[in-house]
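The structure under discussion appears below in the form of structure tokens.
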Amino acid sequence: MVSTPLSKWKLAAITSAPCGAYMNYAEGLMASNIPTSPQETAVDFQEMGLQDKLLRKPTNQSITRMSVTLQCPGYPEDTLRSLAERLPCRETQLATLLALMGQPDQYSYPSVFIYGHRATGKSHVVLSIMKDLELPHASVDCVECVSSGLLFHQVLSAFFGPDAAALLPRCPSLSDFVRLYKQMSSNSPATQTRYIILDRAERMRDMDFSLLPALLRLQELVNDNVTVILLSEIVWEKFRPNTGCFEPLLFHFPDYSKAELVQILSWDHHPSYTPELYASYINILLGVFFSVCRDLRELRHLAVLNFSKFCEPLEKGEAKESDIHKLWKNIEPHLQRAMQTVYLREVSSVQWEQQQMDEKEATTLRVLSAHAHIELPYYSKFLLIAAYLASFNPARTDRRFFLKSHGKIRKTNFLKKHEKTSNHLLGPKPFPLDRLMAIFYSVVDSRVAPTASIFSQISSLVTLQLLSQVGHDDQLDSPKYKCSVSLDFILAISRTVGFDVVKYLYDFL
Amino acid sequence: KNLKCVGFEGTGQYYSNLKSRYGNNIDTCNIAQLLAPSIIDLSKTFYCHLGVNVPDHAMTFRSLCNLLQDSVTPFVVSVHAKECAGVCKQNEMLISYLKSFFTLVCQATLTIRIIDLLQKCTQVSPKRKENLAKNDLPVVVIFKDFEAFNSQVLQDFILICSRYTQELPFVFIFGIATSPSAIQHRLPHSVSSLLCIEVFHSLSCTQHLASVFDKLILNSQFPFKLSSRVIQVLVGIFLYHDFSVQNFVKGLQFSMLEHFNSQPLSVLCCQKHEALLSAKILSKQNVERIRHLPSFMRYVETQEPQEQVRLLTNDEHVKEVCQKLLKNLHTYHKNYYPILQCLHSLTSSLPKFPLGKHIRELHVSCIEKNLWETEEYDSALQLLRILAKDELVAALRSCAEILKSANTKRMQNVLQQLEDFLGRLEALQGKSDSVSKMEYQRTDLFQLQKTLLEKESRRTKRMNPFEVLRSQVIDFIDSLVREYLTPAEFQPLNEVCYYSSSGVLRQRLNVTPRTSIQAALTHPFYYLKNESLKTNTGTISSAAPDLCIVYKLHLECGRLINLYDWLEAYVTVMSAAEDQDTNSEECGKFDSLKHARFIQAVSEMEFLGFVKSTKQKTDHVARLTWGGC
């Protein structure tokens, strides 16, 4: 008989935790689920009142949130206060989590699932709570756990010391873990709730299929006061195993709103400038980037990157701190340029600054454009071109392109229906080595001996991932390849060897 | 929270092999050396962007690794994509590598917690701890071939390392052969945002080749020389096939080996005084060999009849002449290279590069034939004759710089003359400055035509002083070229120093395995040297090995081969050898021995990749090559 998750939940609630915690939890959930009003996304400086925008201070909304006081019995109050200060814009989540945890000695809900986008402070909040309140916890990153044994090892050594972990057999199964845990916890029963925090929990899905359901009800299995907290970027629906399992409490961390981002980013202001200046700088930055990027981490990177440029007029004495308009005029083109490389992270801050220095010589970003080409030996280029032709032309049309007296075959006459769609839309098709070599010999203008180095060039093209090998069997007799480069790339390559590749492409007839 | 990543490029160690051979001190210009001190200061990520010359990378990274270990941190691990099939594997590699730095025997069998291990390690080695503050030492991980790594493994590895950057700084070096955008193709933003990236570019391999060429070939210090054909083969392999400087140097080494091995007169191919000494004690056989050298025969023909007789009969005299000729050869080389460089610096700035963009092209055409007889040379001179003054002066200055380093008497003379010309040109400059004011006025079409015509006629008649001087300079350069850049083949005794069998080199370095297999199968005599195997082309000798017979028979078939027909044809050939009467009953029948031999031959064919079994038709095999006899 399968018991419904709800009944289990009730059971857990009755046996372990006081009702107050759950009441608080429900309130918190309500508060956290209030949809934040959609901020304006398209930004146009000309239309919006510039001055107004630049001088906008952190809004009232966030200030009122700061004043939410945390009341949670069982934990020291000043620690809670400092915790709340250290976690700006996450007060409601903090309060909810604390309420959910209840007092240290009370049983907590067996498993909590926390989800939210990247850089919304999930692990930071949870780990700060654990560290500041000095709760017994085991923090495991699932990326590290290539086998479940590693996970067990880490959990046991965090709770009971490395000696306990050493008792695990060489390839521990789940039951080994549970047995050992029980044994250990009977020796040292939990005085406080123990927490197992699993970061990047989505990796658990690739591990043993019984692991996730078992961890979700670990409290029942080991009969100990233990709570499993799962952190993930994706929603619970993608986790649920098809055999059914205990449903964890779902808890969402919403994205930061624009005002919250301003508040957080203003935290790391430069010591030699006033916080107001930095806040207005952040406002400008967000005005440009908020429409394309809301990742806190990326925004922070951008803020650090461009701040020195922003301060340049101040250092030169050309403007004062109050001259926001002038400063904005100065920084705006740089930000626009930085927009082109947002998320790319091609250059470090030092190189970025160097680029900004000699921007007068090169208006476009050099790292992006200038080094996009690849140096290849002469025949490798032709091999790549031949591979491209073989990948994107139907094999039947080879006669037309590579035979001298092919007669007049009109495109429309000998087409099959499915061939009418552009091959470039369908993507590259695999081709055998024979065909590649045949096209290669007819494309390259001089006589080439079929030397060993020609064949080794093919394999080095595969290593560079310009070609990819298709299929794994029958490799010795007739290997098949696909060309995995773009049209632009092949056009650039063929230009360097003076070969008009478009003339040979069936799609462009 | 950024990971520390550093990358660089090490270049120029390619000569190290040659260095020992020549005993010559060639500077290895190592960019990594310049960078090494800065690694500790920088908390950045560096990518190493190398060309596609895969064989060279190993060497670059090896030297980089050594350099880092010597100067920055003992924790340098360099990993190869093949060794890292999974994260687990990669971590094991990393751990076992780091373990080897210390004497500690770790009990931890397979643990992913690199950190625990590392901290254990660092605690145990007090010696290192004293010298270096523990926290400053980054762990450098070199990914030799970034493209070949499984991107999932790489992502996981970076994520794991990013968790420990607080405790232990990590530095990654990615060797990228294609372009920096490969990073974005391989790593998603969530991972690449953990890195702080800096990109380094290595010298392009053509530049690299040029520097190797300058130091090893365009240098009069080394007595061993390559003929134009050999250079073309080596450079061709480089440019067309592999872009590998290492392979180029190997080719050079091979040709050297081949030269000293195949040419007995190479005893004379050494430094000048040694060569003269060994010329004195030449054996009788070698003297005879010298007489048979084509260049020496040509030299003899130009001599007086009396002298000719002496050269052909008197060994001692040959030895004396030989010493003289060797001296001449050395002076020829000493003068040749400076003039070659001068000519290159003059012509390399001309539009369309009539004499080639690179000095090696110029060198090849110089040692091949008389340069001044070529059209390219004429067009280059014509272009030189219309150079503007400042360009000409600049070019001559650079020539003078080159000549300053040459220390023969003749070159000093040339330098003197060149400086003389330069002085005259400068003197001219002072004069012409005052005259060179131009007046602008409106002209109609008719007037323009008239003035143009006038100018045309004037040009042919008289030239201004600068033009006179310019043509003198160009004539001077022309005379230099005619005097010093004579082809090496015309120098007597050039065979001693020049390795010229390009065919052998091509055969050895640019191998064609398939062609040689086919040659072996069609003409077994070529390899087996058995007289009975000599046949006319087109016929099948029954004395040939079974494999050859089967191969020749299969050439006549189409894509699918009927095994039974093939067997019958084979038996026919075999029985023809036994001189059986074609009408007898035995013909067409075959015993089990022949059957077995046939089956073995066919399976050998399959092993060589000429046929394979097919399911399209029963009792048939598919041909994997195309083309008939």
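Atom set for the values below is all heavy atoms of this structure, side chains included, hydrogens, waters and symmetry mates excluded. Just so it is clear, the model here is predicted, and its values are computed rather than measured.
Taking non-hydrogen atoms and a 4.5 Å limit, the residue list of residues 507-515 of chain B in contact with chain A, ordered by number, reads N510(B), V511(B), T512(B), P513(B), T515(B).
Note on D199(A), T451(A), L466(A), L383(A): by heavy-atom pairs under 4.5 Å with chain B, the leading option is T451(A).
Summarising the local packing, NE2 of H117(A) is surrounded by 12 or fewer heavy atoms from other residues, nucleotides or ligands at distances under 6.0 Å. Annotation for R300(A): atom CZ does not count as buried by contact number, only 12 or fewer foreign heavy atoms lying within 6.0 Å. Surrounding CZ of F607(B) are at most 12 heavy atoms belonging to other residues, nucleotides or ligands under 6.0 Å away.
Listed here is the closest heavy atom pair of Q457(A) and Y240(B): NE2-O, 3.7 Å.
Atoms CG and CD1, from D242(B) and I454(A) in turn, are 10.5 Å apart once rounded to the nearest 0.5 Å.
The ring pair (Phe, Tyr, Trp, His ring centres under 6.0 Å) test with H241(B) is passed by exactly one of F455(A), F382(A), Y379(A): Y379(A).
Contacts between R506(B) and chain A at a heavy-atom distance below 4.5 Å are absent for every atom of the residue.
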